[in-house]
Amino acid sequence: MNKIFEIPLYAYERSPDQDADTPVRRKVVVVGAGPIGLGAAIDFAQQGIEVVILDDNDKVSFGSRAVCYAKRPLEILDRLGCGKPMVDKGVEWNIGKVFFDERQVYQFDLLPEGGHEFPAFINLQQYYFEEYMVNRVRELQAEGAPIEIRGRNKVLKVEEHGDHASVLVDTPEGQYTLEADWLVACDGATSPIRAMMGLDFVGRIFEDNFLIADVIMDAEFPTERWFWFDPPFNKGQSALLHKQPDGVWRIDLQLGWDIDKEEEKKPENVIPRLKAMLGDDVQFELEWVSIYTFQCRRMETFRQGRVIFAGDAAHQVSPFGARGANSGLQDTDNLCWKLKLIMDGTAPESLLDSYDYERIHGADENIMNSSRSTDFITPKSEMSRVLRDAVLDLSEVHAFARPLVNSGRLSVPCTYDGSPLNSADALDGPARTRPGSPCPDVPLGDDFLLPKLGDKFTLLTIDADAPDEIEESGITVTRLALSTKNDPSQMLKERFLGGAEAGVYLIRPDQHVAARRPSYDDNLIRAAIRRAIGKE
Amino acid sequence: MSDQLTLTPNIAGADDFYAELLTAHEGLSKADSDALNARLVLVLANHIGDRVILSQALAAAALKSEE
């Protein structure tokens, strides 16, 4: 039986670029066909920008790898045309159980907020995730979009030239040089591009190993997230059980630092561990086993001239809280519209400084959260363990201690507070929609707000007058007029007005708020548009 | 509520409280005593709740004088 990750989905094919006398120049070259590289490329292609993806492989992710996808990335993927198949296939869960030693100390319900088109979280194997993205690439190609994936095209050398970058690429049929106006490196935590450019990647190393196994079984376990601290079957360590589609279960077992990785990976060593956890009578089949260690670190800057880094290539976090792929998709969501404006000559190249500012802010927030989860899950000192165990013991008896239990915090998008693209907050509205915030979704009849915002600048007016279209500095801003009179759930009012009577929001192509005011003011909104594209 | 940590005598019957604290630890191993202390810190911290006061308390416990 062939698994999807064993089939070459983008097999090597000779490109005419390999036979060119002088290197061909492409608008954008993306290195890496993982979730982030594919996301970036689809975004560029949807905006009509020519893009070539180079990948050293020709298949989707081997094994499940990243399995938790949060609401904001799903909303972004919906805009990219592949969010819905992921939700249809994915497993939704709300109940989590926490075990300590031999007993369950408490259970929680995520109680997701209502009025959003997408769930708080889905579990989905990375290979399905990538497969749906590759399907979307094929769909765009069929529509004539300028997007191409080149499998088994391995970058050997990269050079930045100020106004373009060039790469030397190895293929099964020899090497060729390719030039790009912009090179986007989405080549993962071990980013060869970053290494070739000699760039620093500093941070904290966690001295621990985790065994990760995908197990196929027909078991009676419910669709819940189970997390064990110090369980009898893995003394002194932690364990996680999480459901994926197709009866595949993700099992994570902490192993400690001094282990022989190759030995531990062997089925004869993995199977007894799993039996101890699942019980002797449970029948299962191993689909994939891996051992990982992790670090929390980031690059000092995500851009080197015409080379831009995104996803794990730019920043790496521990897996607790699902902040890797989720934050990477927010990187490219932030990057692509800016690069489009720069290529069109509408925005100055300095607009990219805000990519650094905003996504470093996001990376630091993710690193902080995932480091804290890691410190709780794997205490590094005796007193750290004493305090951790005290929290767990108390959590069984007293509700107050439960919020302190940290087995990974839900990945939520960050607010770009202090971004140079924000205009001062002029509305006495809710904090969650202040300038810099990602717009929360709101039900609008049978539809939702976010799909109506799309990927262009929008002027959202709520019970306020404004022109239907504004032209400013080469940007066309279209008005979306809504009213609280047509808001039976009151969520529009609650999420965008709070105590205010009316509101006017300038929303960026990545659906973050750039400015908000109580009413339309032509001069101030025009200034806010210029500021949002780095011209003020 | 005051946003200043109380560092002047505030427990009526201080000797009684101290005796009760010692009694709670009586007969416990070092590990169990450490665990009890840790739980006590968390219970008290939750009761205080105020983040500013908690930071002042951490500084006071570290024998750092205020500013």
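Per chain, numbering begins at 1; letters A, B, ... match sequence-line order. Below, each value reflects all heavy atoms present in this structure, side chains not excepted, and no hydrogens, waters or symmetry copies. The shown structure was predicted, so the numbers you read here are calculated from the model rather than taken from an experiment.
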Exercise for the section: Hey, could you give me the CE/CG distance between A:Met383 and B:Asn37, rounded to the nearest 0.5 Å? Expected result: 8.0 Å

Exceeds 12 heavy-atom contacts within 6.0 angstrom, atom [atom1] of [X]:
X        : atom1 : answer
B:Arg51  : CZ    : no
A:Asp260 : CG    : yes
A:Arg372 : CZ    : no
B:Asp15  : CG    : no

Closest heavy-atom pair and its distance - [X], [Y]:
X        : Y        : value
B:Leu42  : A:Leu387 : CD1-O, 4.1 Å
B:Ala38  : A:Val386 : CB-CG1, 3.7 Å
A:Phe400 : B:Val43  : CZ-CA, 3.7 Å

Practice task
Using a heavy-atom cutoff of under 4.5 Å, enumerate the residues of residues 390-397 of chain A that contact chain B, numbered in order, or state 'none'.
Solution key: A:Ala390, A:Val391, A:Asp393, A:Leu394

Problem - For A:Leu110, all residues meeting side-chain contact (heavy atoms from CB on, under 4.5 Å), sequence neighbours excluded - result: A:Trp93, A:Asn94, A:Phe108, A:Pro112, A:Leu410

Exercise for the section: Kindly write out the residues that satisfy ring pair (Phe, Tyr, Trp, His ring centres under 6.0 Å) with A:Phe496, not counting sequence neighbours, or none if the list is empty. Expected result: A:Tyr505

Fill in the blank from the handout: For A:Asp101, the salt bridge (Lys or Arg N to Asp or Glu O under 4.0 Å) test, sequence neighbours excluded, returns A:Lys235

